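Have a look at the structure below, then the notes.
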Amino acid sequence: MRELVLLMAILSCLTHAVVSLNCTKDLHHLADKQMYFIICTTTHAVPVRDERICGSCKSQNDEMVASYNGLMQNCSDLYKDVNRLNIVITTHELLEGLWNKAYCENCFESGGHLWNNFTVLYNSFLACNRSTNAKDICTECKSHYLNMNDFYTDLDKSQKGHICFDIQDIMNSTRVLWSKQLKCCQREVKMTTFLTSVGVVALLPLLLFYGTAIVLTKRREARHGLLNDQEPELDAPSTSQLITAAILSTPSESTAEVTANTEKIAKLLTRPDASSDSSDSDDEPAIKPKNN
Ligand SMILES: *[C@@H]1O[C@H](CO)[C@@H](O)[C@H](O)[C@H]1NC(C)=O
Ligand SMILES: *[C@@H]1O[C@H](CO)[C@@H](O)[C@H](O)[C@H]1NC(C)=O
Ligand SMILES: *[C@@H]1O[C@H](CO)[C@@H](O)[C@H](O)[C@H]1NC(C)=O
Ligand SMILES: *[C@@H]1O[C@H](CO)[C@@H](O)[C@H](O)[C@H]1NC(C)=O
Ligand SMILES: *[C@@H]1O[C@H](CO)[C@@H](O)[C@H](O)[C@H]1NC(C)=O
């Protein structure tokens with residue numbers, strides 16, 4: 001009986017030893033996978049022959065994750081919450097954090113459709129860029145560039161900015177190539193400025209004409225409003241009456257005066273002696289037609 005207990009204890013110890021041996025083995029396995037992951041991501045910090053971090057390090061990431069999950073399944077007692085650093089967990093969170101920060105999984109969602117469709121657009125732009133003279137690229141490849149850019153802009157909206165880093169990086173470098181290196185945006189801006197200027201210059205006479213017309217109409221309306229305000233005092237019929245009266249009175253007055261003056265001169269010429277007295281008396285008939 002005592003022998004049996006002893007045997008059980010020995011067996012238990014052996015099993016434990018085997019388990020911890022397996023856990024150590026698994027831990028080393030995880031460390032290897034982490035190493036390969038770091039080598040891959042670090043060497044793809046910038047694209048290597050058009051190979052990028054998400055597309056290139058997918059298998060390294062997946063293997064590392066599987067190894068970690070297995071270790072946590074069988075040996076979590078040994079490595080989880082064992083000390084302040086919790087190295088296994090902390091390291092894994094750091095490395096997975098890098099992968100998640102790059103939104104790499106976005107590249108592989110729904111069978112990698114996003115990535116494939118974007119790549120088709122990028123390749124067509126590249127083909128155009130390659131087969132066109134540098135000076136014609138802005139015009140010749142514009143539609144290719146816009147297709148790609150629009151796809152990205154829509155994607156940015158639908159994914160709320162969580163776009164796979166490979167796509168982000170390609171789009172950024174293509175935008176830099178387009179606007180900084182090829183200076184296609186500057187030409188566009190120049191062209192727009194030019195067209196706007198031409199439009200403004202062409203429309204200027206029209207604008208001036210209508211502007212003046214509007215100002216004049218406004219002013220006339222304002223003046224008309226003023227007259228209307230003073231209507232009881234300065235009535236239009238009274239003005240016209242005054243004018244008519246003036247027109248009617250002026251010729252009669254002048255003809256009368258002219259006749260009076262001629263008569264006066266004639267009398268003065270004929271009778272040089274009686275000058276002052278006669279003139280006073282002779283003025284009366286001249287005034288009379290004026291009062292009519
Ligand atoms: C330990 O590892 C070996 C192979 O490496 C495996 O066959 C065995 O089932 C493992 N034992 C335990 C308890 O996980
Ligand atoms: C975990 O242990 C089970 C059996 O206990 C074994 O089948 C499995 O392979 C182990 N996983 C890893 C990753 O070692
Ligand atoms: C990718 O293109 C295919 C075929 O043109 C289309 O059916 C699919 O909806 C597109 N997917 C995305 C995410 O744009
Ligand atoms: C696109 O074309 C320009 C001018 O020919 C060249 O300098 C540039 O390297 C090309 N870019 C790519 C990504 O092919
Ligand atoms: C885009 O690329 C430029 C230069 O290549 C870099 O300075 C900039 O930080 C990048 N922007 C993003 C959002 O990646």
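Order of listing sets the numbers, starting from 1, for every ligand and every atom in it. Given the structure is predicted, the values throughout are model-derived calculations rather than measurements.
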Within reach of ligand 4, part of Asn133 (heavy-atom separation under 4.0 Å):
neither
Does Thr132 have a non-hydrogen atom less than 4.0 Å from ligand 4?
no
So if I apply the side-chain contact (heavy atoms from CB on, under 4.5 Å) rule between Glu140 and each of Asn129, Thr132, Asn133, which one comes out positive?
Thr132
Quick one: side-chain hydrogen bond (donor to acceptor under 3.5 Å, both in side chains) partners of Gln168, sequence neighbours excluded?
none
Would you mind listing the cluster partners of Leu85? Hydrophobic ones only (ILVMFWY), side-chain contacts under 4.5 Å, chaining allowed.
Ile87
Where's the contact between Leu126 and ligand 4, heavy-atom distance under 4.0 Å: side chain, backbone, both or neither?
side chain
Protein N/O near ligand 3 N/O, under 3.5 Å, which pairs?
| residue | atom | partner | partner atom | Å |
| --- | --- | --- | --- | --- |
| ligand 3 | 2 (O) | Asn117 | OD1 | 3.1 |
| ligand 3 | 2 (O) | Asn117 | ND2 | 2.3 |
| ligand 3 | 11 (N) | Asn117 | ND2 | 2.9 |
| ligand 3 | 14 (O) | Asn117 | ND2 | 3.0 |

Enumerate the atoms of ligand 4 whose separation from the nearest heavy atom of Ile137 is less than 4.0 angstrom.
2 (O), 4 (C), 5 (O)
For disulfide bond (SG atoms under 2.5 Å apart), just list the numbers for Cys54 and Cys164, CA-CA rounded to whole Å, side-chain angles, deciding distance to a tenth of an Å, and then say yes or no.
CA-CA 8 Å; Cys54 297; Cys164 167; 3.9 Å; no
Inspect cysteines Cys40 and Cys57 and report if their side-chain SG atoms are under 2.5 angstrom from one another.
yes
Under 3.5 Å, N or O to N or O, is Gln181 touching ligand 4 that way?
yes
Side-chain H-bond candidate by donor/acceptor type, Trp115 with Glu109, under 3.5 Å
no
Return the set of residues passing ring-ring contact (aromatic ring centres under 6.0 Å, His included) with Tyr122 (not counting sequence neighbours), or none when no residue passes.
none
Heavy atoms, side chains only, cut-off 4.5 Å: are Ile89 and Tyr79 in contact?
no
